[in-house]
Amino acid sequence: MNPIEELVLNFQNLVAQVPEFVQPFIVLLAGAVPFIEGEGAAIIGVVGGILPIVAAIAAAVGNFLSVLVVVLLSSRARSAVLGRQSAHAVATVGGAAAVTTLEAPLAKPESKGRLRFKKWLDRFGVPGASILGPLAIPTQFTAAILIAGGTSRSWVLLWQGVAIALWTTVGTISVWLALQLVVSI
C-alpha cells in the first residue's frame with residue numbers, strides 16, 4: 001500500500017465514524033466556507049468515501065446558499081448606502097450660490113485578485129466574471145463585488161449558480177478520476 005492509499009483509507013475510516021445521514025450535511029457546511037467552496041467540499045466528500053454525486057450536490061447547495069445570503073445582504077447594504085448618498089448628495093449652505101460637497105476619503109490600493117477580477121468583468125461581463133472569478137477570489141466575494149457594482153440580484157444568482165455547478169462538477173470528476181488511478185477503492 002502506497003502512502004497516498006494509506007492516507008485516503010485513514011481519512012475514510014475517520015469519516016465512517018460519522019453517521020451516514022450526517023456526512024452530506026458536513027460537506028454542505030464545508031461548501032459554505034469561502035475558499036473551500038463547492039469544489040473543495042466535494043473533493044473532501046469524495047476522498048472521505050461519500051458517493052461523488054451526493055458529495056457534489058451537497059457541496060454545491062452549501063456554496064449556493066452562502067452566495068444567496070451574501071447577495072441578499074449586499075443588496076440591502078447597497079440600497080441603504082445609495083439611499084443615504086442620494087439624501088446627502090448636495091448640501092446647500094447660505095443660498096443657491098454656495099454649494100459645498102463632501103470629499104471622499106482616499107481609498108486603499110486594490111488587491112491583485114480584485115484587479116484581476118475587474119479585468120475579467122470588463123472583458124467578459126457578468127457571466128465571464130462569475131465563471132472565471134473563482135480562479136481569483138471566492139464566489140461569495142465575486143457576488144458581493146457584482147452586487148456592489150449594481151448588477152441585479154437575479155442575474156448574479158443565475159451566473160453564480162452556473163459557476164458553482166460547473167466548478168463543483170469539474171472538481172468532483174477530477175478527484176474521482178484521480179482516486180480511481182491512484183487508489184484502489
Which donor-acceptor pairs under 3.5 Å do the side chains of residues 128-151 make with protein atoms, sequence neighbours left out?
residue	atom	partner	partner atom	Å
S130	OG	V126	O	2.9
S130	OG	Q160	NE2	3.0
T139	OG1	E37	OE1	3.0
T139	OG1	N63	OD1	3.1
Q140	NE2	A32	O	3.3
Q140	NE2	S66	OG	2.8
T142	OG1	P138	O	3.1
T151	OG1	L146	O	3.2

Distance-only check: which donor-acceptor pairs under 3.5 Å involve side-chain atoms of residues 40-51, not counting sequence neighbours?
none

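V33 and V69 fall into different hydrophobic clusters, where Ile, Leu, Val, Met, Phe, Trp and Tyr residues are linked whenever their side-chain heavy atoms come under 4.5 Å apart, directly or through other members. Linking Ile, Leu, Val, Met, Phe, Trp and Tyr residues whenever their side-chain heavy atoms come within less than 4.5 Å leaves V22 and L29 in two separate clusters. The hydrophobic cluster containing L7 does not contain L14, counting ILVMFWY residues as joined when their side-chain heavy atoms lie under 4.5 angstrom apart, directly or transitively. Taking hydrophobic clusters as Ile, Leu, Val, Met, Phe, Trp and Tyr residues chained together by side-chain heavy-atom distances below 4.5 Å, V175 shares a cluster with V8. I57 and I26 are members of different hydrophobic clusters when ILVMFWY side chains are connected at heavy-atom separations under 4.5 Å.
The environment of CZ in R78 is crowded: more than 12 heavy-atom neighbours from other residues, nucleotides or ligands sit within 6.0 Å.
A distance of 11.0 Å separates CD1 in I164 from OG1 in T169, rounded to the nearest 0.5 Å. To the nearest 0.5 angstrom, N10 atom CG is 9.5 Å from Q12 atom CD.
Side-chain contact between V15 and F11: present, with at least one pair of heavy atoms (C-beta onward) separated by less than 4.5 Å.
Across N2 and E5, no two heavy atoms sit closer than the pair OD1-N, 2.6 Å. In plain terms, the two heavy atoms of T172 and T168 that are nearest each other are OG1-O, 2.7 Å. Closest approach of W176 and P52 over heavy atoms only: CD1-CG, 3.5 Å.
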